Amino acid sequence: MLRHVRFLKNVFLYSLTAFGGPQAHLAMMMKMFVHKTPYVTKEELLEYNAFCNLLPGASSTQTVTLIGYKRGGVPLAIMTLLIWITPACFLMGAFSFLLHFIDQRSLHTDIFKFIPSLAVGFLVYASVMAFGVSVRNTITWIIMLACVVLTYIFFKTPWIFPMLIVLGGVATNLSHKRIPQHEIKPRKIKWWNIWLFAIIFIVAGILSEVARKNDWPNRKPINLFENTYRMGSLVFGGGQVLMPMMYEQFSVRPEIVREKKPEVAKNMIEINKDDMTTAMGIVRAMPGPVFSIASFAGGTSLKEMGKEMQVIGCIIGSVAIFLPSALLVLFFFPIWNNLKKYAVVYRSLEGINAAVVGIMIAATLYIMKDIALIDGTTSSLVNVAVIVVIFLLLQFTKIASPLIVAACLLLGYFL
């Protein structure tokens with residue numbers, strides 16, 4: 001493990017500066033793990049990201065986990081995952097303790113006001129980098145342009161990303177002549193990960209339901225694990241889909257149950273609506289995975305049981321939300337590597353990568369629509385300058401991404 005210390009250090013720095021959500025995270029990975037230190041190639045990173053978008057769970061977390069897996073197998077993948085999620089989960093868990101000691105009107109968010117422009121700068125850089133290796137012929141141009149339009153229109157729809165990736169792979173399989181199939185020898189599949197995932201899912205579900213039906217007095221930690229693990233197992237579309245699911249489960253549903261069965265509601269997990277919406281805003285300004293909001297939800301849901309249980313709630317939320325993502329990606333990726341030997345899958349990669357480029361370009365445009373760029377104010381001029389300067393720094397210098405992010409935060413503080 002000692003030979004991977006430098007890699008793990010870079011993962012830690014990345015975890016402290018990865019703002020902007022999954023698409024921006026991919027752009028920062030492009031700079032940190034491809035351009036600055038070539039741990040993976042551009043083609044590999046695009047493939048990892050596309051593959052993870054086909055799975056439920058936290059796609060950017062799964063992608064960085066695969067980078068660790070590629071370099072050092074399962075042990076390094078687990079270390080990479082833990083280092084990546086720890087800062088964000090710690091901050092959101094701490095926020096569950098500090099929220100009611102803070103005057104929410106005085107939360108100083110100006111430091112983050114140029115983060116959207118920062119994300120756009122990184123996305124423009126990643127799109128340019130990926131374009132050259134992914135869009136090379138007529139069919140990939142068509143796939144890329146179609147994905148730009150459809151992603152922009154349906155950006156908030158959770159099924160759009162896996163659907164476009166699958167359709168991109170299908171499109172480049174319409175011709176079988178270019179890459180013919182050769183005889184291959186099938187390899188044995190290791191099933192332990194998927195069995196573990198299924199066993200945890202079933203046991204947690206049964207135990208949670210028994211605790212609910214029998215109204216166990218201390219059932220909240222059991223229900224919390226099951227609810228969070230189920231969301232992490234089934235959610236497609238990233239944090240923007242997870243957060244409404246958590247809001248409905250932990251804030252809306254308890255109110256409905258209380259109106260109908262007040263005696264049952266007393267042992268339900270419940271988070272105040274205002275607290276949950278505040279956390280949903282704060283997590284977007286935090287570096288790292290948006291799924292770290294589960295740490296806040298876990299801590300807040302158990303706070304009435306004492307400080308020790310609140311800490312345990314933060315841990316339960318963090319483990320339960322990221323565990324299914326890790327088990328799924330580490331099970332399916334070796335299968336994916338075996339499938340790549342089949343011509344049908346190899347041909348699909350061309351269309352899949354073109355779809356990823358289209359999704360990144362659309363994400364860039366989608367974020368830009370909410371940024372003041374052309375209204376002639378000082379703020380709009382600074383936003384344009386931030387985007388251009390960040391792209392130039394990423395493209396033509398070796399300045400580390402954390403330094404660029406720190407400079408952007410300082411710019412927001414002083415301007």
Side-chain angles (χ1 to χ4, degrees), residues 56 58 89 91-105 107 156-158 201 204-286 290-322 324:
C89 289
L91 290 171
M92 290 307 297
F95 187 64
S96 74
F97 285 86
L98 300 174
L99 176 61
H100 294 289
F101 295 98
I102 300 172
D103 180 0
Q104 295 180 25
R105 293 170 299 179
L107 284 174
K156 292 187 176 181
T157 306
F201 191 95
I206 293 172
L207 193 60
S208 178
E209 185 64 12
V210 170
R212 185 189 67 81
K213 281 192 172 182
N214 292 286
D215 200 22
W216 293 358
N218 294 317
R219 67 183 174 94
K220 283 187 178 180
I222 299 172
N223 295 151
L224 172 65
F225 181 88
E226 188 278 329
N227 290 341
T228 312
Y229 188 87
R230 171 166 41 85
M231 291 182 213
S233 302
L234 301 177
V235 63
F236 283 92
Q240 69 263 29
V241 178
L242 174 68
M243 288 189 289
M245 287 177 67
M246 282 195 163
Y247 183 77
E248 191 276 335
Q249 178 73 45
F250 297 140
S251 299
V252 176
R253 185 174 297 180
E255 288 189 355
I256 297 173
V257 173
R258 189 185 301 108
E259 291 177 1
K260 297 180 179 179
K261 299 179 180 179
E263 71 283 357
V264 176
K266 64 180 180 179
N267 282 327
M268 286 187 69
I269 294 173
E270 183 172 8
I271 300 175
N272 180 274
K273 285 184 176 180
D274 290 338
D275 292 351
M276 197 66 194
T277 52
T278 301
M280 289 164 66
I282 290 295
V283 75
R284 296 178 187 277
M286 292 286 182
V290 176
F291 275 48
S292 61
I293 193 173
S295 181
F296 168 86
T300 304
S301 63
L302 301 188
K303 67 181 180 180
E304 293 180 359
M305 301 176 71
K307 299 298 182 185
E308 294 81 4
M309 286 304 298
Q310 188 170 355
V311 172
I312 292 173
C314 294
I315 296 171
I316 290 174
S318 302
V319 171
I321 200 67
F322 289 109

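Note that the coordinates shown come from a computational prediction; the quantities given were computed from them, not determined experimentally.
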Is there a side chain to side chain contact (heavy atoms under 4.5 Å, CB included) between Ile282 and Phe296? Walk through the geometry before answering.
CA-CA 11 Å; Ile282 290 295; Phe296 168 86; over 6 Å; no
Are Ser292 and Leu91 close enough that some pair of their side-chain heavy atoms sits under 4.5 Å apart?
no
Let's go through Glu304 and Met309 carefully: what are the C-alpha distance in whole Å and the side-chain angles of both, what is the deciding distance for side chain to side chain contact (heavy atoms under 4.5 Å, CB included) to 0.1 Å, and is it a yes or a no?
CA-CA 8 Å; Glu304 293 180 359; Met309 286 304 298; over 6 Å; no
Once you round to the nearest 0.5 Å, how far does NZ of Lys220 lie from CE of Met305?
7.0 Å
Main-chain N/O of Gly317 paired with Ser295 side-chain donor or acceptor, under 3.5 Å:
no
Least distance between heavy atoms, Phe95 atom then Ala279 atom
CE2-CA, 4.1 Å
Minimum heavy-atom distance between Lys273 and Tyr247, given as atom pair plus value
CD-OH, 3.3 Å
To check you understand the geometry: which heavy-atom pair defines the closest contact between Gly232 and Pro324, and what is its length?
C-CG, 3.6 Å
Which value, rounded to the nearest 0.5 Å, describes the distance between Ser96 atom OG and Ile293 atom CD1?
11.5 Å
Working to the nearest 0.5 Å, report the span between CD1 of Ile269 and CD1 of Ile222.
10.5 Å
Which salt bridge (Lys or Arg N to Asp or Glu O under 4.0 Å) pairs, counting each pair once, include a residue from residues 242-253, with sequence neighbours left out?
Glu248-Arg253
Kindly give the heavy-atom pair with the smallest separation between Leu224 and Thr228, and that separation in Å.
O-OG1, 2.7 Å
Between Val283 and Met243, is a side chain to side chain contact (heavy atoms under 4.5 Å, CB included) present by the stated rule, with each step listed?
CA-CA 10 Å; Val283 75; Met243 288 189 289; 3.7 Å; yes
For Phe97 versus Cys314, what's the shortest heavy-atom pair and its separation?
CE1-SG, 4.3 Å
Out of curiosity, Lys213 NZ to Arg219 CZ, how far, rounded to the nearest 0.5 Å?
12.5 Å
Looking at Thr277 and Asp274, would you say the former's side chain and the latter's main chain have a donor-acceptor pair under 3.5 Å?
yes
Contacts table for residues 204-211: side-chain donor-acceptor under 3.5 angstrom, sequence neighbours left out:
unit_1 : atom_1 : unit_2 : atom_2 : d
Ser208 : OG     : Asn223 : ND2    : 2.7
Glu209 : OE1    : Arg212 : NE     : 3.3
Glu209 : OE2    : Arg212 : NH2    : 2.6

Measure the spacing between OG1 of Thr300 and CZ of Phe250 and express it to the nearest 0.5 Å.
10.5 Å
Rounded to the nearest 0.5 Å, how far apart are CD of Glu270 and CD of Gln249?
12.0 Å
Least distance between heavy atoms, Gln310 atom then Gly299 atom
CG-O, 3.0 Å
What residues, two or more places apart in sequence or in another chain, satisfy side chain to side chain donor-acceptor pair (under 3.5 Å) together with Lys303?
His100
